[in-house]
Amino acid sequence: MACNNISNGNIFNNGLVNLSSPGCGSCGTDDRFLRGRCKVGSGTGGAGPLPILDGSSTNSISVVDVCIDTRNMRDPSILLIFNAIISLPAGSNAMFNFEITRTLVGGLPSSVGATYTYVKSTPALSSESFGFQFFDTELIQGIYNYSVRLAGNSVLSGVSGATITNATLSAVSCINF
């Protein structure tokens, strides 16, 4: 029989790691093995209303960021989950390029992951969700700040006033076993 720790709430309880359970019994796993091996962080934000963007800017626009502490974690890996609502006014055309920057406290920011692109042309008012995930590996211990930014090469034409709302960036860090 497969271990069902996660589904029966032994490991996760309301989004937090529950370390009080002695194990599930069906597979012999001891939940105490997870102590100090997973951490969760989340940040919220948004951007807009945005002006007309022609894609030639060298400046990016911050949308949301999150900080996560991986000190005392051996070989941490971090899963980032980004979700937002993008609203466009009638008659607008958008090509929004989202990028992730990572900063280890005391260090310089660096781009990680791919560029995640949202494209839409709308004759009427439009609002829809957009999201992506990124798994960052081969990290050292420390405090990391991740930021999702709207890249300077993003384009908004036709009508200004697009918004990026309810932006959430969640980070889950676990050790590599």
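Just so you know, these numbers come straight off a predicted model, no measurement behind them. Residue numbers count from 1 along this sequence.
Taking OG from Ser60 and CG from Leu150, the interatomic distance works out to 8.0 Å, rounded to the nearest 0.5 Å. With rounding to the nearest 0.5 Å, the separation of CD in Glu99 from OG in Ser147 is 10.5 Å. Remark: Ile175 CD1 to Asn72 CG distance equals 12.0 Å, nearest 0.5 Å. To the nearest 0.5 Å, atoms CG (Asp69) and CG (Asn145) are separated by 12.0 Å. Considering CG of Asn166 and OG1 of Thr44, their distance stands at 9.0 Å, rounded to 0.5 Å.
Two residues are said to be in side-chain contact when any heavy atoms from C-beta on lie closer than 4.5 Å; Arg71 and Ile143 meet this criterion. Proximity of Thr117 to Thr115: side-chain heavy atoms (C-beta onward) are separated by under 4.5 Å at one or more points. Within the 4.5 Å cutoff, side-chain heavy atoms of Arg102 are placed close to those of Leu139. Residues Thr122 and Ser92 are in side-chain contact: their nearest non-hydrogen atoms beyond the backbone lie under 4.5 Å apart.
Considering all non-hydrogen atoms of both residues, Thr137 and Ser77 come closest at CG2-OG, 3.7 Å. The minimum heavy-atom distance between Leu104 and Gln141, with the atom names listed, is CD1-O, 4.4 Å. Between Leu156 and Ala162, the closest heavy-atom pair is CD2-CB, 3.7 Å. Closest approach of Val63 and Ala167 over heavy atoms only: CG1-CB, 3.7 Å. Closest approach of Met95 to Asn153, counting heavy atoms only: CE-O, 3.8 Å. The shortest heavy-atom contact between Ser127 and Ser87 is OG-OG, 3.0 Å.
Taking hydrophobic clusters as Ile, Leu, Val, Met, Phe, Trp and Tyr residues chained together by side-chain heavy-atom distances below 4.5 Å, Val155 does not share a cluster with Ile61. Residues Leu88 and Ile85 do not share a hydrophobic cluster, clusters being chains of Ile/Leu/Val/Met/Phe/Trp/Tyr side chains in contact below 4.5 Å. The same ILVMFWY cluster, assembled from side-chain heavy atoms under 4.5 Å apart, contains both Ile164 and Phe132. In this structure, Phe134 is a member of the same hydrophobic cluster as Val66, with clusters built from ILVMFWY side-chain heavy atoms closer than 4.5 Å.
With hydrogens and angles disregarded, no donor-acceptor distance shorter than 3.5 Å links the side chain of Thr103 to the backbone of Val105. Not a single donor-acceptor pair under 3.5 Å links the side chain of Thr163 to the backbone N or O of Pro49.
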message = Please evaluate residues Asp136 and Tyr146 with respect to the criterion side-chain hydrogen bond (donor to acceptor under 3.5 Å, both in side chains), reporting the C-alpha separation (whole Å), side-chain torsions for both, the decisive distance (0.1 Å), and the verdict.
response = CA-CA 11 Å; Asp136 202 5; Tyr146 288 90; 2.7 Å; yes
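Screening Ser56, Ser57, Pro51 against Leu53 for a side-chain contact (heavy atoms from CB on, under 4.5 Å) leaves a single residue, Pro51. A side-chain contact (heavy atoms from CB on, under 4.5 Å) with Val64 is found for one member of Thr168, Asn83, Val148 and no other, namely Val148. Each of Phe82, Tyr118, Tyr116 was scored for a ring pair (Phe, Tyr, Trp, His ring centres under 6.0 Å) with Phe98, with one residue passing: Phe82. The side-chain contact (heavy atoms from CB on, under 4.5 Å) test with Val112 singles out one residue from Ile78, Leu80, Thr101, Ile100, and that residue is Ile100.
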